[in-house]
*Asks:* 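My questions all concern the structure below.
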Amino acid sequence: MDSKGETVDTCGIADLAAAVQSLSNSVLHGNLTPFSDADVVELMQRLETCKRQLSAPDSRLIIEACNRSLPEGSGAKDVVPFLRQTLGLSRYDASVRVKIARQCGEFFEPTGHLRPATLEKATEAFEAGDISRDHVRNIIDVMNHLPADIPRRDARGSRGHPGRPLPRRLAR
């Protein structure tokens, strides 16, 4: 429990689980014939956005688990084996999640100040559901391969425009 008195029971996860169960039952076992083609496409798009938004909190939870030394306490010793053991993930998926957490997570500095995500624009798009985990992974890979002598402000945006939003095609 944190200082706000939030618990697993009150954070909304039970409501989310019930909503996911209801939606899954409706789509998997319901009659979709009355839906127009446009409705099916809209349902697919909205569901994809929701799945993307649900993957964004992983970074915060991974950082929290590390701050609490949960990987070491579980006997896993490192975060990737901890995620594999705890969540039943493949080594690759666990590694990707950790890579994303390092670049898109907010960390507390030794001074106690919160350091914003390294890739702020990608993080914003990821949290909004505009880009997927795979998109973020690819962005991180590209950013890691840029020459070190490129000024950071030029590296943040596309074609050297720091404030320029991500291209629309990346959001799909």
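In this text, all values refer to a predicted model and were calculated from it rather than measured experimentally.
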*Asks:* Measure across Arg97 and Asp58 and return the closest heavy-atom pair with its distance rounded to 0.1 Å.
*Replies:*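 Heavy atoms of Arg97 and Asp58 come nearest at NH1-OD2, 3.5 Å.
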*Asks:* Flag yes if Leu70 and Val98 sit in one hydrophobic cluster, no otherwise; membership is Ile, Leu, Val, Met, Phe, Trp, Tyr, and two members link when side-chain heavy atoms are under 4.5 Å apart.
*Replies:*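 Yes, one cluster joins them.
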*Asks:* Is there a side-chain contact between His135 and Asp130 in this structure, where contact means two heavy atoms from C-beta onward sitting under 4.5 Å apart?
*Replies:*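 Side chain of His135 against side chain of Asp130, heavy atoms only: no contact under 4.5 Å found.
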*Asks:* Can you see which heavy atom on Ser26 is nearest to which on Leu32, and at what distance?
*Replies:*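 Looking at all heavy atoms of both residues, the closest pair is O-CD2, 4.4 Å.
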*Asks:* Please check if Leu119 and Val96 belong to a single hydrophobic cluster, counting links between Ile, Leu, Val, Met, Phe, Trp and Tyr side chain heavy atoms closer than 4.5 Å.
*Replies:*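 Yes, Leu119 connects to Val96 through the hydrophobic network.
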*Asks:* For the residue pair Thr118 and Met143, establish whether any side-chain heavy-atom pair is separated by less than 4.5 Å.
*Replies:*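 Answer no - side chains too far apart.
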*Asks:* Taking Thr10 for the side chain and Glu6 for the main chain, is one N or O donor matched with an acceptor at less than 3.5 Å?
*Replies:*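 Looks like no, no N/O pair under 3.5 Å.
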*Asks:* Identify the heavy atoms of Val136 and Cys104 that sit nearest to each other, and give their distance.
*Replies:*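 Looking at all heavy atoms of both residues, the shortest contact is CG1-SG, 3.6 Å.
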*Asks:* Please name the pair of heavy atoms, one in Ala65 and one in Phe82, separated by the smallest distance, quoted to 0.1 Å.
*Replies:*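 The answer is CB-CE2, 4.0 Å.
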*Asks:* CD1 of Ile62 to CG of Asn67: how many Å apart, nearest 0.5 Å?
*Replies:*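 With rounding to 0.5 Å, CD1 (Ile62) is 12.0 Å from CG (Asn67).
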*Asks:* Please go through Leu114's hydrophobic cluster and name the other residues, only I, L, V, M, F, W, Y counting, with side-chain heavy atoms under 4.5 Å joining them.
*Replies:*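 Under the 4.5 Å side-chain rule, Leu114 groups with Phe108.
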*Asks:* Which atom names give the shortest non-hydrogen contact between Ser132 and Arg52, and what distance separates them?
*Replies:*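 In terms of heavy atoms, the two residues are closest at CB-NE, 3.7 Å.
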*Asks:* In Å and rounded to the nearest 0.5 Å, what is the CG to NZ distance from Leu47 to Lys51?
*Replies:*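 Leu47 atom CG to Lys51 atom NZ measures 5.0 Å (nearest 0.5 Å).
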*Asks:* Could you measure the distance from the CD atom of Gln45 to the SG atom of Cys50? Nearest 0.5 Å is fine.
*Replies:*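 So the gap between those two atoms works out to 12.0 Å.
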*Asks:* Are Tyr92 and Ile140 connected in the hydrophobic side-chain network, where two residues link if heavy atoms are under 4.5 Å apart?
*Replies:*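 Tyr92 and Ile140: one cluster.
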*Asks:* Going from CZ on Arg102 to OG on Ser59, what distance comes out if it is rounded to the nearest 0.5 angstrom?
*Replies:*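 Arg102 CZ to Ser59 OG: 11.5 Å, rounded to 0.5 Å.
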*Asks:* Is there a continuous path of hydrophobic side-chain contacts, each under 4.5 Å between heavy atoms, that joins Ile13 to Leu61?
*Replies:*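 In one cluster with Ile13: Leu61, no.
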*Asks:* If you measure from CD on Gln53 to CZ on Phe126, what distance do you get to the nearest 0.5 Å?
*Replies:*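 It is 10.5 Å, given to the nearest 0.5 Å.
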*Asks:* Report the C-alpha separation of Asp39 and Ser36 in whole Å, then their side-chain angles, then the decisive distance to 0.1 Å, and conclude whether the side-chain hydrogen bond (donor to acceptor under 3.5 Å, both in side chains) test is met.
*Replies:* CA-CA 5 Å; Asp39 288 342; Ser36 69; 3.3 Å; yes
*Asks:* Applying side chain to side chain contact (heavy atoms under 4.5 Å, CB included), run through Leu16 and Leu54 and close with a yes or a no.
*Replies:* CA-CA 10 Å; Leu16 175 62; Leu54 284 172; 3.5 Å; yes
*Asks:* Would you sort out whether Arg137 and Asp134 count as a side chain to side chain contact (heavy atoms under 4.5 Å, CB included), showing the intermediate values?
*Replies:* CA-CA 5 Å; Arg137 179 184 51 80; Asp134 284 337; 3.8 Å; yes
*Asks:* Do Val27 and Leu43 touch side chain to side chain, with heavy atoms closer than 4.5 Å?
*Replies:*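 Yes, their side chains come closer than 4.5 Å.
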*Asks:* Within a reach of under 6.0 Å around CZ of Arg115, are more than 12 heavy atoms found that belong to other residues, nucleotides or ligands?
*Replies:*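 Counting neighbours around CZ of Arg115, more than 12 heavy atoms of other residues, nucleotides or ligands fall under 6.0 Å, so yes.
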*Asks:* Would you please name every residue forming a side chain to side chain donor-acceptor pair (under 3.5 Å) with His113, sequence neighbours left out?
*Replies:*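 For His113, the residues satisfying side chain to side chain donor-acceptor pair (under 3.5 Å) (neighbours in sequence not counted) are Thr111.
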*Asks:* Inspect the surroundings of NE2 in His145 and state if more than 12 heavy atoms from other residues, nucleotides or ligands are less than 6.0 Å away.
*Replies:*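 Count not over threshold, so no.
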*Asks:* Of the non-hydrogen atoms in Ala101 and Ile63, which two are nearest, and what is the gap between them?
*Replies:*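 Looks like O-CD1, 4.0 Å.
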*Asks:* Can you tell if the side chain of Arg133 reaches within under 4.5 Å of the side chain of Asp93, non-hydrogen atoms only?
*Replies:*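 The answer is yes; the side chains approach within 4.5 Å.
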*Asks:* Determine whether Ser74 and Thr86 make a side-chain contact, defined as any pair of heavy atoms from C-beta on separated by less than 4.5 Å.
*Replies:*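 With C-beta onward as the side chain, the pair stays apart.
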*Asks:* Which residues pass the side chain to side chain donor-acceptor pair (under 3.5 Å) test with Asn31, not counting sequence neighbours?
*Replies:*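 Residues passing side chain to side chain donor-acceptor pair (under 3.5 Å) with Asn31: Thr33.
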*Asks:* Check the pair Ile131, Ile139 against side chain to side chain contact (heavy atoms under 4.5 Å, CB included), reporting the backbone distance first and the verdict last.
*Replies:* CA-CA 10 Å; Ile131 61 175; Ile139 291 167; 4.0 Å; yes
*Asks:* Quick one: pull up SG in Cys66 and CD in Glu72 and give me the separation to the nearest 0.5 Å.
*Replies:*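 Spacing of SG (Cys66) from CD (Glu72) equals 7.0 Å.
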